[in-house]
Amino acid sequence: MNLASPSVTLPSTTLPSTTLEYSPEVAVRMAPLYDRVRTVIPAIEWPVHAPLIDRIQQLKKERNAVILAHNYQTPEIFHGVADLAGDSLALARQAAETHAEVIVLCGVHFMAETAAILNPEKTILIPDLEAGCSLADSITAADVRLLKQRYPGVPVVTYVNTSAAVKAETDICCTSANAVEVVESLGVERVLFLPDQYLGRYVASQTEVELILWHGSCEVHERFTPEQVRSFRQGHEELIVLAHPECPPNVLAEADYVGSTSGMIGYVGERKPRNVVMITECSMSDNVAVEHPEVNFIRPCNLCPHMKRITLAKILRSLETLEPRVRVDAAVARRARRSVERMLAVG
Ligand code: 13P
Ligand code: SF4
């Protein structure tokens with residue numbers, strides 16, 4: 001790559017207040033990072049990303065900020081600016097443990113709310129407040145109250161992909177990484193399991209506990225089909241299929257491994273399959289491929305439009321302005337914190 005490439009004009013709608021240039025100095029500072037990510041970020045894009053990454057890295061230090069990024073963030077965020085990248089469980093744990101004054105949550109709104117619930121005294125930023133989630137939108141606190149009336153005494157287990165108000169009505173939260181453990185930790189015969197019907201069906205297949213389900217689903221994972229998975233297998237020898245439990249049961253039936261996003265990353269790291277496909281959001285394979293050049297990734301692309309609202313330009317603007325902030329009403333946060341902390345104590 002030509003290190004002396006001219007500066008790039010960013011679109012005015014996303015332009016941060018500082019003028020950023022792909023100067024020779026920036027190019028040199030960012031060269032080791034580009035060497036790592038060159039297989040997933042085309043050379044033509046790098047002069048746009050590099051000055052933003054450079055400035056974000058400086059600003060993080062000035063603000064005593066930490067950037068937590070979900071595994072579905074794009075490679076320039078995941079590898080370029082994140083202090084920690086992980087699944088929902090890891091992000092919640094890090095949010096609970098960090099000493100930074102400012103947390104920038106590069107993910108969707110419920111993840112930033114979870115960070116705010118655990119850190120009422122800290123500044124929690126999400127670079128785009130509109131980054132939502134179809135699962136979180138599928139259920140309200142009023143729905144949960146009605147369900148509790150209908151099933152008195154049955155404990156409520158809620159996926160973290162929900163609003164703070166829903167978490168406040170909940171006995172205990174779970175993520176895709178610990179759902180079976182959480183359900184079994186209650187020592188009861190039946191639970192209300194909300195709101196993902198597909199994660200619920202998967203958990204039900206792994207435990208004796210009876211699950212009463214809601215009808216929520218993830219708009220990204222429900223689009224995968226078993227026919228698609230079979231067609232990937234036809235084209236590739238010894239293909240290992242890893243699937244997220246938000247996929248429908250007939251898709252999971254075609255998989256060699258079912259687990260959270262970090263579970264899938266762990267599988268690739270430990271077993272190093274020759275050919276692998278991750279039945280989940282697009283950016284996962286790009287992010288993991290950087291660490292495992294020896295593994296061949298088949299890359300179907302179902303994109304989460306909410307995760308993709310987060311961009312480097314918006315992260316920079318957030319750090320510059322300390323906005324938009326995620327605030328949770330104190331009474332709601334207190335009740336929601338119980339259910340998140342109870343989950344963190346389980347595993
Ligand atoms: P993980 O907790 O497995 O990262 O999943 C979160 C999510 O939103 C998946 O769609
Ligand atoms: Fe929500 Fe699905 Fe996007 Fe995850 S991938 S944030 S569950 S819509």
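Every number for a ligand or one of its atoms is a count from 1 in the order of the listing. Computed over heavy atoms, backbone and side chain alike; hydrogens, waters and symmetry mates excluded.
- Considering backbone and side-chain atoms alike, S260 places every N or O at 3.5 Å or more from each N or O of ligand 1.
- Under 4.0 angstrom from ligand 1, there are no non-hydrogen atoms of T175.
- Using a cutoff of 4.0 Å between basic side-chain nitrogens and carboxylate oxygens, R274 and E294 are not scored as salt-bridged.
- At a cut-off of 2.8 Å, measuring from atom 3 (Fe) of ligand 2, the protein N, O or S atoms that fall short of it are C304 SG, waters left aside.
- In the vicinity of H221, heavy-atom distances shorter than 4.0 Å reach the ligand 1 atoms 10 (O).
- Defined by atom type and a distance below 3.5 Å, a donor-acceptor pair is present between the side-chain atoms of E76 and T74.
- In the vicinity of D87, heavy-atom distances shorter than 4.0 Å reach the ligand 1 atoms 1 (P), 2 (O), 4 (O).
- A side-chain donor from one of E246 and Y159 sits under 3.5 Å from a side-chain acceptor of the other.
- By heavy-atom distance, the residue among H306, M264, E281, E246 lying nearest atom 7 (C) of ligand 1 is E246.
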Worked verdict on C304 versus C282 for disulfide bond (SG atoms under 2.5 Å apart): CA-CA 8 Å; C304 174; C282 304; over 6 Å; no

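- Side-chain atoms of D87 and T261 include no donor-acceptor pair closer than 3.5 Å.
- With no hydrogens or angles considered, no side-chain donor-acceptor pair links S134 and D137 at under 3.5 Å.
- Against a heavy-atom cut-off of under 4.0 Å, S88 is close to the following atoms of ligand 1: 1 (P), 2 (O), 4 (O), 5 (O), 6 (C).
- Of all atoms in ligand 2, listed by their number and element, those nearer than 4.0 Å to a heavy atom of N161 are 7 (S).
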Using the rule given for side chain to side chain contact (heavy atoms under 4.5 Å, CB included), can you reason through V156 versus F193, listing the C-alpha separation, both sets of side-chain angles and the distance that settles it, and then say yes or no? CA-CA 6 Å; V156 181; F193 188 92; over 6 Å; no

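- Looking only at distances, a side-chain donor or acceptor of D83 sits under 3.5 Å from a matching main-chain atom of I67.
- Between K308 and S283, the side chains place a donor N or O and an acceptor N or O closer than 3.5 Å (distance only, hydrogens not considered).
- A donor-acceptor pair shorter than 3.5 Å can be found between the side chains of H306 and E219.
- From the protein, the heavy atom lying nearest to atom 5 (O) of ligand 1 is H244 NE2, 3.3 Å.
- Below 4.0 Å from some heavy atom of S176 lie the following atoms of ligand 1, by number and element: 1 (P), 2 (O), 3 (O).
- Annotation for ligand 1: atoms under 4.0 Å from non-hydrogen atoms of H70 are 1 (P), 4 (O), 5 (O), 6 (C).
- In summary, of the residues considered (T175, L89, L91), a side chain to side chain contact (heavy atoms under 4.5 Å, CB included) with V160 occurs for T175 alone.
- The N161 neighbourhood of ligand 1 comprises atoms 7 (C), 8 (O), with distances under 4.0 Å to a heavy atom of that residue.
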